[in-house]
Protein chains: 2
Amino acid sequence: MLRVSKLTDYATVVMTCLVDGAGEVLSAQVLAERARLELPTVSKLLKQLAHAGLVLSTRGINGGYRLARDPAQITVADIVVAMEGPIGMTECSTRSGSCDHESHCGVRVNWQRINSAIADALASVTLAEMTKPAARRTGSIPVRVAVA
Amino acid sequence: MLRVSKLTDYATVVMTCLVDGAGEVLSAQVLAERARLELPTVSKLLKQLAHAGLVLSTRGINGGYRLARDPAQITVADIVVAMEGPIGMTECSTRSGSCDHESHCGVRVNWQRINSAIADALASVTLAEMTKPAARRTGSIPVRVAVA
DNA sequence: GCAAACAGTACAATTTTGGTCCTGTTTAGG
DNA sequence: CCTAAACAGGACCAAAATTGTACTGTTTGC
């Protein structure tokens, strides 16, 4: 079905909650409530987001998480990469040598182009935009797909 | 990792073999050899492609498969959809009602926009282009991502 | 009627995902 | 300095999806 994992989906929701929090430090507990998700799940994905440097964590009592940078500087691609690793539509596009057919595969190069097109599409949407479902932006982002 | 399944990957390879076959009817056996894949696997994916109407099958001895239409009229999106079903980055974008949070989910609409951007990117590359890894096309295909 | 080749289904093994839990470590406050 | 809240880092297990294969039909040309 070509989809991101649930955890990635949840991550975008939690991130938007952090945007709504306006820079305040929010605990995983609070974020779980606001996102209406289970605490262990939210806790898990926040750790991954922190590891990727998208959120900053504060330990100890009154600790919690906050965005590492401006919502306009965080893209959906950042979140996807943080949760799922490098974007690659086929196995051979990220892990070289994992496919026996690499040497005689004619479609590999083109898949790599498709990859970057999709990465661009994901990178063209910022977290700030994700939090504004109603306000339709007047323009649109042109993504250029270079194909063989 | 945001990738298509191996079977989808294989499907593109087999499809390019059919393109190289220049309209000739090729058996699953022959296609398996040319794609250097196992026969049962190739057989399986060809059935799916036939079911989706991308290839036409001929039964009986001397039977086999051929493309249902011109390679320039078949896109990567067609193949992905044939193998994996409708393109939807999140569960809620294809199956409505599958998520408890639909009513109060602020990111849903934006994911749907990202979906169509990616579908566009996949639809902008034709099978004919996938068979020409060397010949770089002069232009590029602009894909417009409308974001909230 | 025989053999090649597709159709449809079913199935086992593996991998990935989803979700939970447990044991540290840090920190504010009494 | 002791406690409780909260993050860090694994470990773990159950469920689901993916992969790859096999089996039983049905069609068709010779």
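Below, chains carry the letters A, B, ... as their sequence lines are ordered, and counting in each starts from 1.
- At a threshold of 4.5 Å between non-hydrogen side-chain atoms, the residues Val125(A) and Arg113(B) do not count as touching.
- Between its opening and closing five pairs, the helix from dG1(C)-dC30(D) to dG30(C)-dC1(D) changes axis direction by 10°, a value rounded to 10 degrees.
- Separating the CG atom of Leu45(A) from the C1' atom of dA8(D) is a distance of 15 Å, rounded to the nearest angstrom.
- Among the atoms of the strands shown, only primed sugar atoms or phosphate atoms (P, OP1, OP2) are found under 4.0 Å from some heavy atom of Leu7(A).
- For the pair Leu39(A) CG and dA8(D) C1', the interatomic distance rounds to 14 Å; values are reported in whole Å.
- Distance from the side chain of Thr41(B) is smallest for dG20(D) among the nucleotides dG8(C), dG9(D), dG20(D).
- With rounding to the nearest 0.5 Å, the separation of CG in Leu122(B) from CD1 in Ile79(B) is 10.0 Å.
- Of the residues Val80(A), Val81(A), Val76(A), Thr75(A), the one that meets the side-chain contact (heavy atoms from CB on, under 4.5 Å) test with Asp78(A) is Thr75(A).
- In this structure, Leu46(B) atom CG and dG8(C) atom C1' are separated by 15 Å, rounded to whole Å.
- Ranked by how close their nearest DNA chain D nucleotide is to the 5' end, Lys44(A) and Val4(B) are led by Lys44(A).
- If you check every strand for non-hydrogen atoms under 4.0 Å, Gln29(B) touches nothing.
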Show the numbers, then the answer: is there a side-chain contact (heavy atoms from CB on, under 4.5 Å) between Glu24(A) and Leu18(A)? CA-CA 8 Å; Glu24(A) 234 181 309; Leu18(A) 280 171; over 6 Å; no
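- The nearest whole Å value for the distance from the CE atom in Met83(A) to the P atom in dG18(C) is 9 Å.
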Please assess Thr12(B) against Thr90(A) for the test side-chain contact (heavy atoms from CB on, under 4.5 Å), listing each intermediate value before the final yes or no. CA-CA 11 Å; Thr12(B) 60; Thr90(A) 56; over 6 Å; no
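- In plain terms, the two heavy atoms of Leu49(B) and Ala11(B) that are nearest each other are CD1-CB, 4.3 Å.
- A heavy atom lying under 4.0 Å from DNA chain D marks the following residues of residues 51-66 of chain A, by number: Ser57(A), Thr58(A), Arg59(A), Gly60(A), Ile61(A), Asn62(A), Gly63(A), Gly64(A), Tyr65(A).
- Within residues 16-28 of chain B, the residues that have a heavy atom under 4.0 Å from DNA chain C are, in order of number, Ser27(B), Ala28(B).
- Between the side chain of Glu84(B) and the backbone N or O of Ser5(B), at least one donor-acceptor pair lies under 3.5 Å.
- Between Asp9(A) and Trp111(B) the shortest side-chain heavy-atom distance falls below 4.5 Å.
- Residue contacts shown for Lys47(B) include a base, since a base heavy atom lies under 4.0 Å away.
- Taking all atoms of both residues into account, the shortest heavy-atom contact from Ala77(B) to Ala119(B) is CB-O, 4.2 Å.
- Taking atom CG of residue Leu37(A) and atom C1' of nucleotide dT17(C), one finds them 16 Å apart after rounding to whole Å.
- At dG20(D), one or more side-chain N or O atoms of Tyr10(B) fall inside 4.0 Å of OP1 or OP2 (strictly under the cut-off).
- Contact between Cys17(A) and Leu26(A) at its shortest, heavy atoms only, is O-CD1, 4.1 Å.
- The distance between atom CD of Gln48(B) and atom P of dG20(D), rounded to the nearest whole Å, is 13 Å.
- Using a 4.5 Å heavy-atom threshold, the side chains of Ile114(A) and Met130(B) count as touching.
- Smallest separation of non-hydrogen atoms from Leu45(B) and Met83(B): CB-CE, 3.7 Å.
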